[in-house]
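Here the structure is laid out as structure tokens; the discussion comes afterwards.
Small disclaimer: the values here were computed from a predicted structure and weren't measured. Proteins get letters first, then strands, A, B, ... in listed order; numbering begins at 1 in each. Values reported hereafter were calculated over all heavy atoms of this structure, with side chains retained and with hydrogens, waters and symmetry mates removed.
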2 protein chains.
Amino acid sequence: MRKVTLSTIAEELGVSTATVSLALRDSPLVADATKERIKEAASRSGYIYNRRAASLRTSRSGIIGVVVPDIMNPFFAEILVGIEEELGSSRHTFILCNHRDKIAAQQNFIETLLQFGADGVILSPAIGTTADDIRAIESSGLPVVFVARWVKGARVPVFRGDDKKGAYMVTRHLIEMGHRKIAFIGGKRETSTGNDRREGFLAALEQAGIEAVPELRIGSERTRKAGYDAARTMFSKDREAATAIVCFNDLLAIGVMSGLRSLGIEPGRDVAVAGYDDIAEAEISAPTLTSVWNGQQEAGRLAARAMVRILTGSVSEEDAHDDRLIQPELRIRESSCPPKPV
Amino acid sequence: MRKVTLSTIAEELGVSTATVSLALRDSPLVADATKERIKEAASRSGYIYNRRAASLRTSRSGIIGVVVPDIMNPFFAEILVGIEEELGSSRHTFILCNHRDKIAAQQNFIETLLQFGADGVILSPAIGTTADDIRAIESSGLPVVFVARWVKGARVPVFRGDDKKGAYMVTRHLIEMGHRKIAFIGGKRETSTGNDRREGFLAALEQAGIEAVPELRIGSERTRKAGYDAARTMFSKDREAATAIVCFNDLLAIGVMSGLRSLGIEPGRDVAVAGYDDIAEAEISAPTLTSVWNGQQEAGRLAARAMVRILTGSVSEEDAHDDRLIQPELRIRESSCPPKPV
DNA sequence: CGGATGAATTTAAAGGTTTTAAAAAGCGTG
DNA sequence: CACGCTTTTTAAAACCTTTAAATTCATCCG
């Protein structure tokens, strides 16, 4: 029982492999009757299309690389879901890389993609990625689109939530509730997302004429644990260090709430807390968490769609650079509260 | 600037492509001096190894399929991390599928894997997968290993936590605290995991001479939302329906705790709650959640390692069927409490 | 009826690597 | 210098598909 290939079928039916190839792809060059016979024979014999062989010839592999910082982070997991859904409907498959913000890992993966003859890469670049890095990738023949994060100076379409606006919205919401001492926890200056959210935060303060106090901004990892620690650091000396906290993301915010509670401070009553991303947990944490819906899945979907468009050539150069900012939505929940009356 | 291939280099150096191919793979057949020259030329000219071409010849693609129910579930995300780490160190790449317990999606993906000439597949099978399905996959040339879930009757190595034992341990822990009315929430009878955990639960009850009450077992999805709903269903009529709850997983347990609290029942004081999997959230939820560490990452790593071993032939038939049960560990936290005195 | 047209099919090359058998080169020996 | 032996190198086939160009064959038109 040797492997069934085009020529197995061709032989069996007494036609050429070219005919078989064309027939299976429904080419109008082949007579209907022949197509029938061929297709029947193919499915009967359990023929399996050999993409490696095909792509060797066509130099189109149907593989798209997806590079994200960390799939354990629901934010990126959700983006991935969006990408997967979209690619599923377009005969493309993706291979995945978690770079954990290690440039080397990212670089390594790009190399692998090239070896596989990947058609393109959807990238949430690692901290420290330069515009030159991106250019290098592109000039080696891999089209790039960004998702969630992007790199300054790289002329590449980017799909992401409007972080600055979202951060502005949630900060503004807290200000409107009467807060003046608002802290910002988490996010690294090095990531575009971190920068944008911080900017939005600062913009809201400024607009309300509130002076920004550097002590009220703590950078950190983007994990629950980091949130827990940051909250304890900030509030252990001064229980009224701030009356509200904007967190870089929900994971952090949930950690922050635990941290507060461990100090006997009740989030949503003593101190208002807000997160970002609106992950599933936000709705079910205790208290439920005010957050900003950021359209991760949508971003993934759009990025994948854009990539497919680029690959199928059904996109103008213009189109490709039409960065799509997904409009964030504020989700107000129990963790929002006015400042405690003194 | 045409693409650099073996023959580009061969031409430049006036040797044959065979020599170049062998040299780049460090074959002892090539003289050291020649190797030097060739390697130098390769890196200078930016040669990229073409895996499609190679794998066409060798029928080894270096691709491994990974099939899990849902990456949004941290349980599976963690398995994935284990797999990725392990594969990273062994020149293999994986392509991913979320089947969402749809057999069709799983089947589809297997087809894709075959087209790509994948070397094997690491599978957390969809509900309803039969031993025949697995046999079909294997007989089409894809070695299979299971991770987390498995299929009865399929002679395939499986790497997973000892669910039965873990469920036994956590139930036993609650019994020792004095509980007699213990509920079990979540999990589907159709998954191996669901079954095993339920069995462990029942075994602990039986061993303690506690009668199992069917009303205290609710099957459900494995999400936070489902936990929330289940808790409300169970406790809304009778606030003392049970004094302790064992949940199928942490996600559910966190939902259950929220559900309880929404009824004014305080988890960890009024009712003991325990989860399973020990995901990161368990440590940081409020109250922190008693759970069972199940070694997801370890399971992923072992599964990947086993697959690589199978592929490199460095494994006896014996070895391959040495299913590895990872020993669970009980993590007792605040959500454990004795039954409320009446 | 010769030649043009068009449809259906085939031929042959190309794509880049690996591998096997065989050739070549080098070298010491008798 | 012929011989055998080892070390290097090579030619060529194989892997399977796609595609441009060529071929066949029947039909149609003037």
Side-chain angles (χ1 to χ4, degrees), chain A residues 2-39 41-42 45-63 91 112-119 140-141, chain B residues 1-39 41-42 45-63 91 112 114-119 140-141:
Chain A
R2 285 203 32 63
K3 203 191 246 175
V4 181
T5 72
L6 287 189
S7 57
T8 319
I9 300 178
E11 240 165 75
E12 181 192 328
L13 264 51
V15 298
S16 75
T17 62
T19 310
V20 179
S21 171
L22 292 169
L24 290 180
R25 280 173 302 148
D26 250 333
S27 157
L29 294 179
V30 179
D32 286 350
T34 323
K35 266 188 207 168
E36 275 308 298
R37 283 198 309 147
I38 291 178
K39 285 184 178 169
S45 61
Y47 169 72
I48 291 169
Y49 179 67
N50 185 330
R51 283 190 191 234
R52 328 216 267 308
S55 88
L56 181 56
R57 178 63 225 252
T58 60
S59 40
R60 266 300 165 79
S61 65
I63 293 180
R91 321 209 56 31
T112 304
L113 286 182
L114 290 173
Q115 295 189 349
F116 277 111
D119 295 337
S140 59
Chain B
M1 195 202 87
R2 285 204 32 63
K3 202 191 246 174
V4 181
T5 71
L6 287 189
S7 54
T8 318
I9 300 178
E11 239 163 78
E12 181 192 330
L13 264 51
V15 299
S16 74
T17 63
T19 310
V20 179
S21 171
L22 292 169
L24 291 179
R25 280 174 300 147
D26 250 333
S27 158
L29 292 180
V30 178
D32 286 349
T34 324
K35 266 189 208 168
E36 275 308 298
R37 282 201 308 146
I38 292 179
K39 286 185 177 169
S45 62
Y47 168 72
I48 291 169
Y49 178 67
N50 186 330
R51 282 192 193 235
R52 331 218 264 307
S55 88
L56 181 57
R57 177 63 224 252
T58 61
S59 38
R60 266 298 167 79
S61 64
I63 295 179
R91 321 209 52 35
T112 304
L114 290 172
Q115 295 189 351
F116 276 110
D119 296 335
S140 60

Between [atom2] on [N] and [atom1] on [X], what's the gap in Å once rounded to a whole number?
X: A/R25; N: D/dT17; atom1: CZ; atom2: C1'; result: 8 Å
X: A/L13; N: C/dT9; atom1: CG; atom2: P; result: 11 Å
X: B/L22; N: C/dT19; atom1: CG; atom2: P; result: 8 Å
X: B/F116; N: D/dC15; atom1: CZ; atom2: P; result: 22 Å
X: B/L29; N: D/dT6; atom1: CG; atom2: P; result: 15 Å
X: A/I38; N: C/dT10; atom1: CD1; atom2: C1'; result: 12 Å
X: B/L24; N: C/dT19; atom1: CG; atom2: C1'; result: 15 Å
X: A/Q115; N: C/dG15; atom1: CD; atom2: P; result: 21 Å

Ignoring backbone atoms, establish whether [X] has a side-chain N or O less than 4.0 Å from OP1 or OP2 of [N].
X: B/T19; N: D/dT9; answer: no
X: B/S16; N: D/dT10; answer: yes
X: A/T17; N: D/dT18; answer: no
X: A/S21; N: D/dT18; answer: yes

Given A/T8, A/L6, A/I38, the one that forms side chain to side chain contact (heavy atoms under 4.5 Å, CB included) with A/Y47: A/L6

Pairwise 5' ranking along DNA chain D for A/S7 and B/D32, keeping only the more 5' one: B/D32

I'd like to check [X] versus [Y] (side-chain heavy atoms, cut-off strictly below 4.5 Å). Are they in contact?
X: B/L56; Y: A/N50; value: yes
X: B/D26; Y: B/K39; value: yes
X: A/S59; Y: B/R52; value: yes
X: A/L22; Y: A/T19; value: no
X: B/Y49; Y: B/L24; value: no

Out of [options], which has the shortest distance to the side chain of [X]?
X: B/A18; options: C/dT18, D/dT10, C/dT10; value: D/dT10
X: A/T5; options: C/dT10, D/dT18, D/dC16; value: D/dC16
X: A/L6; options: C/dT10, D/dT17, D/dA11; value: D/dT17

DNA chain D contacts made by residues 46-60 of chain B, counting heavy atoms under 4.0 Å: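 Heavy-atom contacts with DNA chain D come from B/L56, B/R57.
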
Atom pair OG1/CZ of B/T112 and A/R51 - distance to nearest 0.5 Å: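 With rounding to 0.5 Å, OG1 (B/T112) is 6.0 Å from CZ (A/R51).
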
